[in-house]
Protein chains: 2
Amino acid sequence: MEFDDKVPIYYQIKTVIYDQIIAGQLAPGDKLPAVRQLAVSLTVNVNTVQRALREMIDEGVIISQRGKGNFVTDNADIVEQLKEKLINRYLKQFYDRLHRLKISNQQIIDEVTAYIERQGDLNDNNAES
Amino acid sequence: MEFDDKVPIYYQIKTVIYDQIIAGQLAPGDKLPAVRQLAVSLTVNVNTVQRALREMIDEGVIISQRGKGNFVTDNADIVEQLKEKLINRYLKQFYDRLHRLKISNQQIIDEVTAYIERQGDLNDNNAES
DNA sequence: TCTAGTGTATTAGTTTCCTATTACACTATA
DNA sequence: TATAGTGTAATAGGAAACTAATACACTAGA
């Protein structure tokens, strides 16, 4: 996998897994790949995977069972809260950035709309990928 | 100033200065504060400021004149290109993030609109700050 | 010409992230 | 009960970012 060298890898791994949970690719109760397997597929050290997991466990989203594996919490509320938290974080960061550039609110909406019309034509159906 | 500990400080300094240039708070030809002054006001080491400047100089946005100071390029085209580049980068990052969460294109637009209505009411006029 | 204000470079030391390696703890099952 | 598959911990070493301190190079103006 490709990583942004401006952000810690463990943090990007956490983001990827959270995204998969929110997108439903990892459902509540699902078992994650083994840490050693994750490390191989991400081309990263086991300790780096473990660090990402540590934070997700501390946040209650991942449940760890020694000897068995790591699992997505079966508490759907936690997943739902995570989703809202992340969406709001992304919205805020995006809005703050453009607002700092003195782009007006209407312009921000227009830019997003135009961007989606330009780039998003083929990706409107979210069923496949 | 507050920094995000997930991103190198020098990179965040670069972002702040670029934002000020694009927002017009630093106009083409304007002189930047002295590096030592910037270091103090950002509560950061001179070398860290210098590293941010180095990249902006290499990218042609800042012109350095030894003994005189650092200046925003007076080439308005470069500034305009920078603006488009950054806006597009922010749009792409935002869109990719939400799309990864399986948020549909229409939902993305709706979320942005709702967010702005919620948060942006008092900031619609961009003349003051 | 001296001095203050500017950018630039270098060296040394700390912290964080990441890797590599090894070891340990627990579970399920042949 | 052995073994394979799992999570967890600890140590050591390297690389990048940041700080601190010092020195050097250039400009403008008294």
Side-chain angles (χ1 to χ4, degrees), chain A residues 1-18 20-21 26-75, chain B residues 1-18 20-21 26-75:
Chain A
M1 176 183 163
E2 284 183 8
F3 293 105
D4 179 348
D5 66 358
K6 295 290 187 303
V7 181
I9 292 174
Y10 80 89
Y11 194 80
Q12 296 180 62
I13 292 174
K14 188 179 161 185
T15 299
V16 166
I17 294 179
Y18 273 175
Q20 291 178 349
I21 293 173
L26 284 172
D30 274 4
K31 183 174 186 291
L32 269 63
V35 285
R36 291 172 181 78
Q37 176 54 43
L38 277 173
V40 169
S41 64
L42 295 168
T43 339
V44 131
N45 191 273
V46 177
N47 295 323
T48 308
V49 173
Q50 191 62 34
R51 172 151 188 192
L53 287 169
R54 180 77 268 142
E55 294 200 355
M56 297 189 281
I57 292 165
D58 289 345
E59 292 171 13
V61 179
I62 298 295
I63 308 297
S64 173
Q65 294 191 262
R66 200 183 185 107
K68 291 186 176 176
N70 291 299
F71 302 82
V72 179
T73 177
D74 56 5
N75 184 334
Chain B
M1 176 183 161
E2 284 183 9
F3 292 106
D4 178 349
D5 66 359
K6 296 289 188 302
V7 181
I9 293 174
Y10 81 89
Y11 194 79
Q12 297 181 62
I13 292 174
K14 189 179 161 187
T15 299
V16 167
I17 295 179
Y18 274 175
Q20 291 179 347
I21 293 173
L26 283 172
D30 274 3
K31 183 175 186 292
L32 269 62
V35 285
R36 290 173 182 79
Q37 176 54 44
L38 277 172
V40 169
S41 64
L42 296 168
T43 338
V44 132
N45 192 273
V46 178
N47 295 323
T48 307
V49 173
Q50 191 61 34
R51 173 149 188 195
L53 287 169
R54 179 78 268 142
E55 295 200 355
M56 297 190 282
I57 292 164
D58 290 345
E59 292 170 13
V61 180
I62 298 295
I63 307 297
S64 173
Q65 293 190 264
R66 199 183 185 106
K68 289 185 176 175
N70 291 299
F71 302 82
V72 179
T73 177
D74 56 6
N75 184 334

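So you know, we letter chains A, B, ... as the sequences are listed, proteins then strands, and number each from 1.
- Dashed line: the shortest gap from a side-chain N or O of Asn70(B) to OP1 or OP2 of dT6(C) is not under 4.0 Å.
- When each of dC17(C), dT19(D), dT8(C) is scored by its nearest atom to the side-chain atoms of Pro8(A), the top-ranked nucleotide is dC17(C).
- Rounded to a whole Å, the CD1 atom of Ile13(B) is 12 Å from the C1' atom of dA17(D).
- Glu55(A) places no side-chain N or O within 3.5 Å of a backbone atom of Lys14(A) that could act as its donor or acceptor partner.
- Of the two residues contacting DNA chain C, namely Ala34(B) and Gln65(A), the nearest-nucleotide position lying further toward the 5' end is that of Ala34(B).
- With rounding to whole Å, Phe3(A) atom CZ is found 17 Å from dA15(D) atom C1'.
- Under the side chain to side chain donor-acceptor pair (under 3.5 Å) rule, Asn45(B) has a single partner from Asn47(B), Thr48(B), Thr43(B), which is Asn47(B).
- Rounded to whole Å, atom P of dG7(C) lies 13 Å from atom CZ of Arg54(B).
- What separates CZ of Arg51(A) from P of dA9(D) is a distance of 14 Å, to the nearest Å.
- Summarising the geometry, the separation between CG on Asn45(A) and C1' on dT22(C) is reported as 12 Å, rounded to the nearest angstrom.
- Nearest-nucleotide assignment on DNA chain D puts the 5′-proximal partner with Ile57(A), out of Ile57(A) and Gln12(B).
- Atom-to-atom, NZ of Lys31(A) to P of dG5(D) comes out at 12 Å; the value is rounded to the nearest Å.
- In this model, the phosphate group of dT8(D) is approached by a side-chain N or O of Ser64(A) to a distance below 4.0 Å at OP1 or OP2.
- A straight line from CD of Gln50(B) to P of dT19(D) spans 14 Å, rounded to a whole angstrom.
- For Ser64(B), the side-chain hydrogen bond (donor to acceptor under 3.5 Å, both in side chains) partners are Asn70(B), not counting sequence neighbours.
- When the side-chain nitrogen and oxygen atoms of Thr48(B) are compared with OP1 and OP2 of dA17(D), none of them lie within a distance under 4.0 Å.
- Arg36(B) comes within contact range of at least one nucleobase, with a heavy-atom separation under 4.0 Å.
- The phosphate of dC17(C) has OP1 or OP2 within less than 4.0 Å of a side-chain N or O from Tyr10(A).
- Whole-Å rounding puts the Asp4(B) CG to dA17(D) C1' distance at 14 Å.
- Proximity of a side-chain donor or acceptor of Gln50(B) to a complementary backbone N or O of Val35(B) within less than 3.5 Å is not detected.
- Between the side chain of Asn47(A) and the base of dA10(D), at least one donor-acceptor pair of N or O atoms lies under 3.5 Å.
- For Lys31(A) against Leu26(A), the heavy-atom pair with the smallest separation is O-CD2, 4.5 Å.
- OP1 or OP2 of dA28(C) sits under 4.0 Å from a side-chain N or O of Lys68(A).
- Nearest-nucleotide positions on DNA chain C place Val46(A) closer to the 5' end than the other of Val46(A) and Gly67(A).
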